[in-house]
Amino acid sequence: MPLGPPVNTEPATAPTGTAYVLDSSFDINDDAVTRTYNWVIAMFMFFSDGYNRSYITINGQTPGPLIEANEGDTLVINVQNNLNDNQTSSIHWHGIYQNGTQYMDGVPGATQCPIQPGQNFSYQFKLEQYGTYWYHSHSSVQYTDGLMGPLVVHSVDDPLVRGTDFDNEQVLMVYDWYHDEASTIVNELLSSDGYEGTSAAPSPQSGLINGQGVYDCSLLDDDSSANCTTPTSYPVFNVETGKKTRFRLINAGSHAQFYFSVDEHTVQVIEADGTPVSGSGDLHRIPFHNGQRYSALVDASVGSEGDGFWMRFTMNTDCFSWVDDTLNATALAIMRYGSSSDSDTDPTTSDWSDTIGSSCVDLDEGLLVPVVEKDAVDSQAVVAFDSAFGTISYNGEEYGRFFVNDTTYTNYIYHPVLLGVASDGTDYLDTEENVTYAVFDDDVWSGDIIVSLTRKDAALDHPYHLHGYDFQIVARGTGELSIADAANIEYNTTNPLRRDTLVIPGGSYAVLRFGNDNPGAWVLHCHIAWHLAEGFLGMVISKPNAIADIDFPDSVNDLCSSRPDFVDEDTTEPGRRRRRRALPPNVAGAQPEVSPAPKAPLLINKMPRGHSAWSRRRGGSSSL
Ligand SMILES: [Cu+2]
């Protein structure tokens, strides 16, 4: 199929109105069906928060279409990549186990080769879980530019029942937004100069809620403000007077942890990353970080028909290394009683008085008790991941990178590890030294992953996401936890919280226990898109012998064989390591400059104490 224009000039659309409202007519008792979606990925201009720039869209929409299905259904998503400039793509289904369809996890370099421009790939998998999930590109930083959307799975087994526990449902996708394209930011971030002079993750400009926001253009200098028109109204979300709404919160962001609150309304958390929970009590604010989801129950019994209350989505800037003065840190929306979409009458309500936390941490897990109880079983294997920020030297220049167990992830997108292990067994891992692996053998049915943020990465907090599983958080603590010491600590094995994304604060560790029952190559990474781009990823290999028995569909093998001849087999991603001005022009048919392939051992220089990248950390310590 021929590609369209590089950027479509007509504006993209946001999922306004009822696009993300779950309809009560959706029958969760239906027999299992196959649901088919046809998506075209392309770039459109848009101005969601008032600032005009390009977005990566699905069928012209950003964020993308809601997928709503029942447990037991099979999803078929035909993805047509119509991006130009040789941009390959992929879609990852965040939190979906993919047990038996490991090659559909959507991670180039781990579970598949990427989808070529002009190519169509069909993701097909069965849903064997329920809850609030989302999907996003796992190619470069495309999701930061808008290529993502919500995925909600119902089940007759879900203890949270519409009509009993809540009356209405609404998805709220919330994310930090950048006025520079993410591809531009990441190219500079990975260069020796960094972005805005630093290799620390960038500060966003605003927050979007379901693709809508209000940016104060006066924060920009004259050059940029010519491209910016401050919107005159806020997004409106309706609630039924006297009824309970389940807001399915998804942090689809790339850096910012958000606090969610509604003026004069307490909220209860009833689901965390697909796990129904109880015990949160009445909260004023809910913090949620990149990749995390919560269902927040709001009882519309405070006001009366037509009343409006501010909904606040406030970034926790304590999670940032530096804050730009162009940041609008709070995204506002109007929660309006009844069906009026009036966006002209602003609420006059006041925020809760409790301050936004001064640390970058999860909602207390003690408040999130799984309703479907599951005690942790003893683990038979334990691995330890630590992380570090440092630099690599290449051709006389220094580049800021993250390291997991002293290896900075270099993603060879045409060497998917799953396919390599399937053909060569774990010997394959000895030939690919671009990532840290942890192998959980076939006879292990429960494993522990220790993640420590202490040794050389004690200054930052990271939201960790594991693919292929949810895990039980069986321990947290301060300092570093070695494998030897892990035998001597106390574990919380009584119905611990299960989730797939957690925040690990700097200077601490967490122990993640998982059932090793899903053969595959599962990435474990920081969900801050910028940290991932800088190499913050390790890999968990589950049941290597079972991987050898996987029967790959032809379509998956074809992705690898359809690499064009002019594209190097050792292409890495994200590429284009040079400064923006030095980048070669994107000529049709030409491949952007490939990153140097650091297969030889790299000289690793740990970043010295007080380096400028961290000394800009706002209000925090700069010590490493
Ligand atoms: Cu991180």
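One-based numbering along the sequence shown. Since the model is a prediction, treat every value here as computed from it, not as a measurement. Scope of the values below: all heavy atoms of this structure, side chains included, with no hydrogens, waters or symmetry mates. Remember, it's 1-based here, ligands and their atoms both numbered in the order they're listed.
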statement: Residues at least two apart in sequence or cross-chain that pass side-chain hydrogen bond (donor to acceptor under 3.5 Å, both in side chains) with W522, listed by chain then number, are none
task: Taking side-chain hydrogen bond (donor to acceptor under 3.5 Å, both in side chains) as the test, write out the residues that go with S54, two or more places apart.
output: E181
task: Anything protein N/O/S under 2.8 Å from the Cu ion (ligand 1)? Just list residue and atom, please.
output: H462 ND1, C526 SG, H531 ND1
message: Quick check against the 3.5 Å criterion: does Y55 have a side-chain atom that pairs as donor or acceptor with the backbone of S48?
response: yes
- prompt: What do you reckon, are the aromatic ring centroids of H531 and F389 less than 6.0 Å apart?
  reply: no
- prompt: Is it true that H525 and H467 have ring centroids separated by less than 6.0 Å?
  reply: yes
- request: If a pair satisfies salt bridge (charged side-chain N to carboxylate O under 4.0 Å, His left out) and one of its residues is in residues 516-529, list it, with sequence neighbours excluded.
  value: none
